[in-house]
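These notes concern the structure reproduced below.
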Amino acid sequence: MATSVCAALTGTGHVAYGQDLPNAKELDALTAPYIKPSYQVLKDILSIPSNAHFPEHVAMNVAWMTEAFESRNFTTKVLETGGPPLLLAERKVAGADKTVLIYLQIDGQPVDPSRWNQEDPYKPVLKQQVNGEWQIIDWDNLKTGFDPEWRVFARAASDAKGPAAMFLTSLDVLDGEGLQLTHNVKVIMDFEEELGSPHLPAAVEKYKDDLSADMLLIYDGPRHTSNRPTLVFGARGIATISLTTFGPRRPQHSGTYGNYVPNPAMRLSQLLAGMEDADGRVLIPGFYDGINISPETRAVINSVPDDEPAIRRSIGFKTPDGVASTYQESIQYPSISVLGLESAWVGAQARTIIPSTATAELDVRLVLENDPERLIGLIRQYVIDQGYHIISGDAPTEAERQSYDRLISFDYEVSYRAFRTPLNSEAGAWAERALVRAFGEPPVKIRTGGGSIPISPFVDSLGFPAILVPAVFIENNQHSPNENLRLGNYVEGVKAYLAILTQPF
């Protein structure tokens, strides 16, 4: 069926460019025969465990992706990093004068199987919603039927092996229908993104020649909350901080020593509470310095069609933090978040003690205007100003215990900086033309997304523009138990990536 569409367009079975580019309806017809066979690709890729803490997981994913791309006429090369490797796949086009580098993430967050409503997070299941509850249905339903609201539940289904399967399927349509690829394609695959890609910056510098391109497209992240086609022109960077306050050498009886022995959990709580005011604005001096939202930028931000009451209802809260007047403006600023707290025991394990330590894990989301080391330095100075002595090891020495009233460890890591590409860039205009052709409407254009992805090393070292082309539905339990991929988004992602592959410059 799809081949006849191509033939009708050109009379030869191949799509010619200019006025004969397939439009949205024709792209639907082209992709339709390939969707059902592609579900096996999706199932196979999601069935491979993908926790980068385990070298055997990485090795299985590298092997699978190598075979997947080589079978689609790509050459591949393993780029050693000193940790999990990168995999580079390349396909050249005779006469092409542009090269597009595509970034794919091929790992997922760790899993706690006890929190998943299925046998195994690495055994994908198909579900439909019945009376507000997700119920497993037979995978074979995909052989005969399709409901865009059905979802595939598995770790990395949306973040971000699902987009990788979409891209592989778009290549199958391209080749199966004899469509013309308009540019050289390089694909760089990252197998430790969820660990912060610690080996990526040095690897990008080392393999500059291999990674050279005219632009970078990132096939990751969710679409706008409206689920309309979306382009994102930047992402915040990320740094992490670990704080541990120290109290007695060993936990002490709270009746015997309450009011006498300082409680490290209480002190850590006070320290964290002092970082923000009641409206969520960071109080650390200088934290927001250098962030200026011009009237022109505010107009771009306000053009994003957010339904903020619906966002708040969906997530389940009433009033947002008071950092900015809108959601989009709020993510133009750096933030501090408490990721987790640990001290002593809770629930049935609670006991009447003063704990010996209390630990908080924080992340700091960075924007383009931030110097990460400066921002971390401001937080460190805030801790010192509250009267804390920062120890040099994992635990205080006896001399430190007797010399300082307040003891804390302060460990941090800058994973990567923010990046932002101008909305009027040539790369952005090209990607927008492809999405308009695929969907018949302009995409939502977002200046900066709230999440973080390790793209700044490419932008800083290689000097080309980078743009996200997200495809998945925003309500997908990303990073949480029961992560899922909406099938309507899967199909539209295949179409979007096919439109990009066939879009002339």
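In this text, all values refer to a predicted model and were calculated from it rather than measured experimentally.
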Ion pair present between Lys161 and Glu483, side-chain N to carboxylate O less than 4.0 angstrom? no
Under 6.0 Å from the ring centre and within 45 degrees of the ring axis: does the NZ or CZ of Arg406 meet both conditions for the six-membered ring of Tyr388? yes
Is Asp175 paired with Arg91 through a side-chain N to carboxylate O contact shorter than 4.0 Å? yes
Would you say the ring centroid of Tyr219 lies under 6.0 angstrom from that of Tyr103? no
Mind telling me whether Phe458 and Phe464 have parallel, tilted or perpendicular rings, with 30° and 60° as the class edges? parallel
Could you check whether atom CG of Asp394 has more than 12 heavy atoms from other residues, nucleotides or ligands sitting under 6.0 Å from it? no
So His183 and Trp430, would you call those rings parallel, tilted or perpendicular, with 30° and 60° as cut-offs? perpendicular
Indicate yes or no: at least one non-hydrogen side-chain atom of Asp190 is less than 4.5 angstrom from one of Leu200. yes
Looking at Lys77 and Asp210, is there a salt bridge between them, counting it only when a charged N and a carboxylate O are closer than 4.0 Å? yes
Sidechain N-carboxylate O distance under 4.0 Å for Glu369, Arg420: yes
Is Arg298 salt-bridged to Glu329, cutoff N-O under 4.0 Å? yes
Taking Arg72 first and then Asp172, would you say they form a salt bridge - that is, a charged N and a carboxylate O separated by under 4.0 Å? yes
Here's a test for you: under side-chain contact (heavy atoms from CB on, under 4.5 Å), which of Val444, Asn489, Ile474 qualifies with Arg223? Asn489
